[in-house]
Amino acid sequence: MWNVLYKYCVVAAMFTVGSLGTYAENVSSPNGRLTATTSGATLNISYNHKHVLEIADAVAADAQLAFVRQIKDDYQMLTGKRSHCVNEAKEYRCGNMLLRLYDDGIAFRYESSESGVGKQPAYRIPEGTRRWMQQWCDSYEGFFPLSTTYKVAPVPSYSGISKSAEGWNNRWGYPALLEPQNGVFVLITEANIEHGQSASCLMNDGELFRITPAALNPQSSVAKTDHTPWRVAVIGQLKDIVESTLVTDVSRPSQIPDAGWIQPGVVSWIYWAYNHGSNDYDIIRKYVDLASALHLPYVLIDAEWDEMRDGKTIEDAVNYAKEKGIKPLIWYNSSIGWVDGAPTPKFRLNKPEDREREFAWCEKIGVAGVKIDFFSGDDQRNMDYQLDLLESAARHHLLVNFHGATIPRGWQRTWPNLMSTEGVYGAEWYNNVGTFTNKAACHNATLPFTRNVIGPMDYTPCAFSDSQHPHITTHAHELALTVVFESALQHLADRPESFLAQPKEVQQFFGALPTVWDETRYVSGYPGESIVLARRNGNTWYVAGINGTDEERSLETPLSFIPDGKMTLYEDGNPWKVTDSVKLPKHITCKARGGFVMVVNK
């Protein structure tokens, strides 16, 4: 029996209604907002009687949808935007396709590698449709610019660059956000990648964006599955998109029976300010001391800890952290992505016997988790390897953070020791090129509607000082990112002296900051312009907003669902304005690229 006291069990109750094979004249979601019809080989989806999504080559021509069963997903999550997840769906069969119409979207998969029409299905995205789509690269580190056309030039710096005969980029990563009708949105992604499967991307030919799986591994000893992953489209208003748990709803339940050892939290992080700092024991001590001063539970010792100078070792650093009451996390190179010229340690996790030995050593000396970096894409080799890493880490009670890796596809439910995944153009890019300075605010206001919807995102937020390239977001904007962006391990990017120079109220904010949420609510905003989110942990609400534009902007904060209580407001000032009140404001004026955070205690 799984331990329900810790809320780590995952229960999916499925109730069968009706008989298999009964032709369904009314194919709809339980709440009736979503409906599906077939026309030839095309599956058409409508929302409140408005056509919103067309999937070509989805079914065999003239095949009919037959009702299978009613489904209720009801389970607990240890991490994420909501601890108790509930969703309902009606499941239908059409040939070898299973289709689920949930209250907030659809999911479909095939019981073979293809749709039954000789090719992979394709989403039709008509020219003129507003879309926020990322050009594909193996690390998913790109922007989601607003566009109304597929005719976009490829970004030369991206790996895996691909273009059509006309010269346009034609390879796109998940998730893809569309606005097919005014005020109605569709977020396309996939979920529940299993051993023996690869992930996929979208390859477009004109308006048809075809689901294109990455390569399977012909040498793999892992049996291929008899079904595809779930293809997912979250559908509705922006509230439905942001609050959706559809990716985990269709994913495999937890494989960790007793997960009481899994403890999310805030992390002090060396790399942003000191690229090679983790080979310097004295710099590591500074970040351990920062974690102690701010009452953070974790410190991350990043790359090159195996090359520590002045006679010190990683065990010296781990012991220093433990003496201070701080739990250490350490970095590894996956050794299948960037290897030549890349930092160490390398090749310690690739073979099963080496991985078990290394993780056993980590557990023995008191390491709490591992950050594993530099994977090489979406193929089966990478998917199987990451699943093997999660399983092995769980046996040794290690938290996991994947970097330089593909996006989450529901593994945070299956392996709840997966705390976060990079797969995002985040704050470390201030170290690399000057591009981020002028794009960060708009990008930050797009991610809550795109990348962060589908799972934890290790953006490494909140820098008040500058790295190699400056930031022009305000201090309050940076603070708000720690709430707006969801990640069970929230790595703070800035240097110790910068954090310790902030007002006492700001320093205390970090020590109390949760990284997992019982509830998340969309309050207001639009992709690329602004976002206001309210997140609850226990009896405390955190409300955070950011302005993604270059002009002063008033952000709407309708918060009637939050009970009265003591409120502390952190907002744009010079550089701070921190006030206490019991009255929640109905709107907050933010500076250009500004932001705010409210903490409301019942």
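As the structure is a computational prediction, the values presented were derived from the model and not from experiment. Count residues from 1 along the sequence.
Between Cys462 and Phe499 the shortest side-chain heavy-atom distance falls below 4.5 Å. Looking only at side-chain heavy atoms (C-beta outward), Val424 and Tyr140 stay at 4.5 Å or farther from each other. Side-chain atoms of Asn401 and His403, non-hydrogen and from C-beta on, do get closer than 4.5 Å to each other. Contact annotation: the side chain of Phe509 approaches that of Tyr542 to within less than 4.5 Å [non-hydrogen atoms, C-beta and beyond]. Taking the side chain as every heavy atom from C-beta outward, Pro175 and Trp132 never approach each other to under 4.5 Å. Inter-residue side-chain proximity for Val483 and Leu513 is flagged as met; some heavy-atom pair is nearer than 4.5 Å. Here the side chains of Leu398 and Asn417 are not in contact, with every heavy-atom distance at 4.5 Å or above. Side-chain contact between Thr421 and Ile407 is absent, with no heavy-atom pair separated by less than 4.5 Å.
Classification of the Tyr459-Phe485 ring pair by plane angle, with boundaries at 30° and 60°, yields tilted. Ring geometry for Phe449 versus Tyr522: interplanar angle over 60°, hence perpendicular rather than tilted (30 to 60°).
In terms of heavy-atom proximity, Cys201 sits nearest to Trp172 at CB-O, 3.3 Å. Across all non-hydrogen atoms, the minimal contact from Lys81 to Thr520 is O-OG1, 2.8 Å. Between Arg409 and Ala199, the shortest heavy-atom distance links the atoms CZ-CB, 3.5 Å. Across every non-hydrogen atom of Met598 and Ile588, the tightest pair is CE-CD1, 3.9 Å. The shortest heavy-atom contact between Ala463 and Ala493 is CB-CB, 4.5 Å. Pro229 approaches Ala191 most closely through the heavy-atom pair CB-O, 3.5 Å.
Between the side chain of Arg171 and the backbone N or O of Lys163 there is no donor-acceptor pair closer than 3.5 Å. Not a single donor-acceptor pair under 3.5 Å links the side chain of Lys327 to the backbone N or O of Gly366. Side-chain N or O atoms of Asn192 include one that pairs as donor or acceptor with a backbone N or O of Arg252 at under 3.5 Å. Side-chain atoms of Gln135 come within 3.5 Å of backbone atoms of Ala153 as a donor-acceptor pair (strictly under, hydrogens ignored). For the pair Arg521 (side chain) and Leu533 (backbone), a donor-acceptor distance under 3.5 Å is absent. For the pair Lys371 (side chain) and Asn333 (backbone), a donor-acceptor distance under 3.5 Å is absent. Between the side chain of Asn547 and the backbone N or O of Thr549 there is at least one donor-acceptor pair closer than 3.5 Å. Put simply, the side chain of His477 never gets that close to the backbone of Ile546: no donor and acceptor are under 3.5 Å apart. Between the side chain of Thr189 and the backbone N or O of Tyr174, no donor-acceptor pair lies under 3.5 Å. In this structure, the side chain of Gln380 does not engage the main chain of Gln197 through any donor-acceptor pair within 3.5 Å.
For the residue pair Ser376/Asp138, the side-chain donor-acceptor check at 3.5 Å is not satisfied. When only modelled atom types and interatomic distance are considered, Asp379 and Asn382 share a side-chain donor-acceptor pair under 3.5 Å. Side-chain contact of Asp494 with Ser465: a donor-acceptor pair under 3.5 Å is present, judged by distance alone. Of the N and O atoms on the side chains of Ser139 and Glu141, at least one donor lies less than 3.5 Å from an acceptor on the other residue.
For Tyr271 and Trp269, the ring centers are positioned less than 6.0 Å apart. Separation of the Phe436 and Trp429 ring centroids does not fall under the 6.0 Å cut-off.
Between Arg82 and Glu519 no salt bridge is recorded (no basic side-chain N to carboxylate O distance below 4.0 Å). Electrostatic pairing of Asp289 and Lys286 does not count as a salt bridge here, judged by no charged N lying under 4.0 Å from a carboxylate O. The residues Lys577 and Asp572 are annotated as not salt-bridged, no charged nitrogen and carboxylate oxygen being separated by less than 4.0 angstrom.
In Arg381, the CZ atom is not crowded: 12 or fewer heavy atoms of neighbouring residues, nucleotides or ligands sit closer than 6.0 Å. Annotation for Glu551: atom CD does not count as buried by contact number, only 12 or fewer foreign heavy atoms lying within 6.0 Å.
Looking at residues two or more places apart in sequence or on another chain, you find a side-chain contact (heavy atoms from CB on, under 4.5 Å) between Ser268 and Tyr287, Leu290, Ala291, Leu296, Val299. Under the salt bridge (charged side-chain N to carboxylate O under 4.0 Å, His left out) criterion, Lys346 pairs with no residue at all, not counting sequence neighbours. Residues satisfying the salt bridge (charged side-chain N to carboxylate O under 4.0 Å, His left out) test with Arg395, not counting sequence neighbours, are Glu356, Glu391.
The ring-ring contact (aromatic ring centres under 6.0 Å, His included) test with Phe374 is passed by exactly one of Tyr385, Trp331, Tyr332: Trp331.
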List the steps and the verdict of ring-ring contact (aromatic ring centres under 6.0 Å, His included) for His475 and Phe464.
CA-CA 6 Å; His475 280 34; Phe464 304 125; 5.0 Å; yes

Begin with the C-alpha distance, continue with both residues' side-chain angles, and end with the deciding distance and a verdict on ring-ring contact (aromatic ring centres under 6.0 Å, His included) for Trp338 and Phe375.
CA-CA 7 Å; Trp338 180 31; Phe375 293 89; over 10 Å; no

